[in-house]
**Q** 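For reference, the structure I am asking about is given below.
Nothing here was measured: the structure is a model prediction, and the numbers come from that model.
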Amino acid sequence: MKKLLLAASACALMAGAASAEDVKIGILIGFTGPIESLTGHMANAAEAAMAEVNASGKAKNTYTSVRGDDTCTDAAAATAATERAITAEGVKAIIGGDCSGVTRAMLTNVAMPNGIVMISPSATSPALTNDPDNGLFFRTAPSDAREGEVMGEILKEKGVKSIALTYSNSDYGKGLAEAIAAGFTAQGGTVTINAAHDDGKADYSAEVAALAAAGGDLLVVAGYLDQGGKGIIQASLDSGAFTQFGLPGGMVGDSLPAAIGPALNGSYGQVAQSDSPGAAVLQEMGKKNDPAFDATSPYTPESYDAAALIMLAMEASGSTDSNVYKEKIMEIANGPADGSGVKILPGELGKALELIAAGTAIDYDGASGVTLIGPGESAGRYKQFEVKDGKYETVQFR
């Protein structure tokens with residue numbers, strides 16, 4: 001009898017061990033390309049969430065990251081990176097893509113056919129709201145439809161009557177420019193020109209000449225801070241065409257004022273960012289993390305939150321199958337409708353796992369004040385800023 005009991009115990013232990021997995025999560029964002037100055041912080045924050053879960057000792061699985069470069073702009077390269085992550089590395093989820101055009105390619109060409117969940121921390125095109133996704137696509141960043149409304153309000157409050165508008169010739173740029181134009185005209189403003197610019201050019205003098213000819217109280221640049229958007233601003237300053245700029249989210253990052261210098265002071269805009277309690281917590285965590293990350297850098301809080309939502313959904317569902325755990329993501333993010341879910345902030349992922357194991361509902365607030373609406377995208381909150389002394393100084397949150 002003793003031998004039988006020992007054998008049964010050994011079998012139970014083996015079964016428990018077999019149920020645990022070493023789970024790989026892909027981080028597929030533009031480590032090269034027009035927002036490369038942001039993506040190191042984004043990836044480090046996502047990996048910090050994984051390390052936090054592993055260190056808690058409360059998870060059924062262990063989690064590791066697989067990094068891949070989606071380049072932000074090259075759909076073929078992004079598709080190939082996603083295929084490698086899924087077929088060669090065996091990832092069970094993807095944090096990414098980062099930019100909207102490559103995100104749509106990754107989702108349509110690879111993630112959907114393979115049945116893999118994607119949570120983007122930074123793809124903001126309104127088109128993604130209605131794209132088919134088989135319930136596999138979520139984003140912790142809000143749609144640019146809301147950013148357009150916010151920018152329209154800011155421009156009106158600043159007394160701006162007319163703007164020239166230029167945008168990156170990409171899914172992101174086109175969708176954002178349409179939203180800004182709609183938001184500004186709804187406030188009674190006039191858009192004198194709405195023109196695309198290509199990234200990667202050495203000379204933007206022709207584009208700036210057309211913008212200058214149309215005129216406007218200021219130039220709104222819906223581009224990328226490390227690519228064409230920067231080139232447009234520099235060419236505008238060199239020619240004297242414009243001296244003040246409206247800066248949406250893709251133009252926010254320390255590399256832009258470092259490249260342009262004091263001439264950028266006085267320009268202003270908005271970026272998706274939260275003033276939730278969790279934002280301050282993650283800022284302190286980022287300073288102490290190894291490697292460190294700047295949680296005030298755009299889309300860094302959203303990256304931590306994307307990783308956390310994936311892992312908590314897997315743990316809550318007891319499965320790493322995307323078609324199973326995808327059903328838990330909205331539940332984890334929003335909590336019960338009656339508001340009874342326990343709020344979870346950064347640094348509390350171990351606590352969240354304990355509550356899930358005990359059958360207690362949680363409401364993952366995270367670093368960005370997570371609330372998912374519609375098909376699973378952030379409701380969104382924005383930081384209004386002005387560039388002063390080479391820094392993006394917060395004016396208020398909207």
**Q** Looking at residues at least two apart in the chain, or sitting in another chain, which of them share a side-chain hydrogen bond (donor to acceptor under 3.5 Å, both in side chains) with T32?
**A** D69

**Q** Which heavy atom of L345 sits nearest a heavy atom of G366, and at what distance?
**A** CD2-O, 4.1 Å

**Q** Pairing donors with acceptors under 3.5 angstrom, does anything connect the side chains of S170 and S168?
**A** yes

**Q** Please determine whether a side-chain nitrogen of the Lys or Arg among R84 and E89 lies less than 4.0 Å from a carboxylate oxygen of the Asp or Glu.
**A** no

**Q** Does K287 have any salt bridge (Lys or Arg N to Asp or Glu O under 4.0 Å) partners at least two apart in sequence or in another chain, and if so, which?
**A** E284

**Q** We want to know whether Y382 and E153 form a side-chain donor-acceptor pair, criterion being a heavy-atom distance below 3.5 angstrom.
**A** no

**Q** Looking at every non-hydrogen atom in both residues, tell me the closest pair between P248 and M151 and how far apart they are.
**A** CG-SD, 4.2 Å

**Q** Show the nearest heavy-atom pair for residues A49 and A308, with the distance to one decimal.
**A** CB-N, 4.4 Å

**Q** Would you find a donor on one side and an acceptor on the other, under 3.5 Å apart, between the side chain of N265 and the backbone of G390?
**A** yes

**Q** For R139 and S100: C-alpha separation, side-chain torsions, deciding distance, then whether side chain to side chain donor-acceptor pair (under 3.5 Å) applies.
**A** CA-CA 11 Å; R139 46 181 171 171; S100 298; 5.5 Å; no

**Q** Does some side-chain heavy atom of K158 sit less than 4.5 Å from a side-chain heavy atom of E386?
**A** yes

**Q** Any sub-3.5 Å donor-acceptor pair from H41's side-chain atoms to T300's backbone N or O?
**A** no

**Q** Just to verify, what does A75 make a side-chain contact (heavy atoms from CB on, under 4.5 Å) with, not counting sequence neighbours?
**A** A105

**Q** Taking all non-hydrogen atoms of both residues, which atom of I233 and which atom of F245 are closest, and how far apart?
**A** CG2-CE1, 3.8 Å

**Q** What side-chain hydrogen bond (donor to acceptor under 3.5 Å, both in side chains) pairs are there with at least one residue in residues 329-338, not counting sequence neighbours?
**A** K328-E331, D338-S340

**Q** Does the D199 side chain pair with the main chain of G228, one donor and one acceptor, at a distance under 3.5 Å?
**A** yes

**Q** Going by distance alone, is a donor N or O of one side chain under 3.5 Å from an acceptor N or O of the other, for S368 and E302?
**A** no

**Q** Of the non-hydrogen atoms in P126 and A145, which two are nearest, and what is the gap between them?
**A** CG-N, 3.7 Å

**Q** Any chance you could lay out the side chain to side chain donor-acceptor pair (under 3.5 Å) test for Q283 and T296, step after step, and finish with the verdict?
**A** CA-CA 7 Å; Q283 288 168 26; T296 67; over 6 Å; no

**Q** Using side-chain heavy atoms (C-beta onward) and a distance below 4.5 Å, is L165 in contact with V221?
**A** no

**Q** So, Q187 side chain and F184 main chain: donor-acceptor pair closer than 3.5 Å or not?
**A** no

**Q** Going from OG on S56 to CE on M311, what distance comes out if it is rounded to the nearest 0.5 angstrom?
**A** 9.0 Å

**Q** Would you call L136 and N323 a side-chain contact if the rule is heavy atoms closer than 4.5 Å?
**A** yes

**Q** Could you tell me whether K351 and E354 have a side-chain N and a carboxylate O separated by less than 4.0 Å?
**A** no

**Q** Looking at T394 and Q396, would you say the former's side chain and the latter's main chain have a donor-acceptor pair under 3.5 Å?
**A** no

**Q** Quick test of your reading: applying ring-ring contact (aromatic ring centres under 6.0 Å, His included), list the pairs with at least one residue in residues 283-309, sequence neighbours left out, ordered by first then second residue.
**A** none

**Q** Working note: D144 + T124, criterion side chain to side chain donor-acceptor pair (under 3.5 Å); need CA distance, chi angles, decisive distance, verdict.
**A** CA-CA 5 Å; D144 285 331; T124 55; 2.7 Å; yes

**Q** For T320 and E21, does a side-chain donor sit closer than 3.5 Å to a side-chain acceptor?
**A** yes

**Q** Is there a donor in the side chain of S255 and an acceptor in the side chain of S37, or the other way round, less than 3.5 Å apart?
**A** yes

**Q** Check I310 against I119 and note the closest heavy-atom contact, atom names and distance.
**A** CG1-CD1, 3.6 Å

**Q** Spell out, yes or no, whether F137 and I373 are grouped together once hydrophobic residues are joined by side-chain heavy atoms under 4.5 Å, including indirect joins.
**A** no

**Q** Distance check, rounded to the nearest 0.5 Å: I344 atom CD1 versus I362 atom CD1?
**A** 5.0 Å

**Q** Once ring-ring contact (aromatic ring centres under 6.0 Å, His included) is applied, what residue pairs with a partner in residues 145-180 remain, sequence neighbours excluded?
**A** Y172-Y224

**Q** Any salt bridge between K383 and D275, counting N to O under 4.0 Å?
**A** no

**Q** At what distance, to the nearest 0.5 angstrom, does CG of L218 lie from CG of L155?
**A** 6.0 Å

**Q** Just checking, any donor-acceptor pair under 3.5 angstrom between side chains of D305 and Y364?
**A** yes

**Q** Under a 3.5 Å distance rule, please check whether D363 uses its side chain to pair with a backbone N or O of I332 as donor and acceptor.
**A** no

**Q** Tell me yes or no: between the side chains of Q270 and Q384, is some donor less than 3.5 Å from an acceptor?
**A** no

**Q** Are D321 and S319 close enough, and set up right, to give a side chain to side chain donor-acceptor pair (under 3.5 Å), and what steps lead you there?
**A** CA-CA 5 Å; D321 181 340; S319 176; 5.1 Å; no

**Q** Looking at side-chain heavy atoms only, is the closest gap between V387 and E393 below 4.5 Å?
**A** no

**Q** Looking at T190 and T192, would you say the former's side chain and the latter's main chain have a donor-acceptor pair under 3.5 Å?
**A** no

**Q** Decide, yes or no, whether a salt bridge links K343 with E348 under the criterion of side-chain N to carboxylate O below 4.0 Å.
**A** no

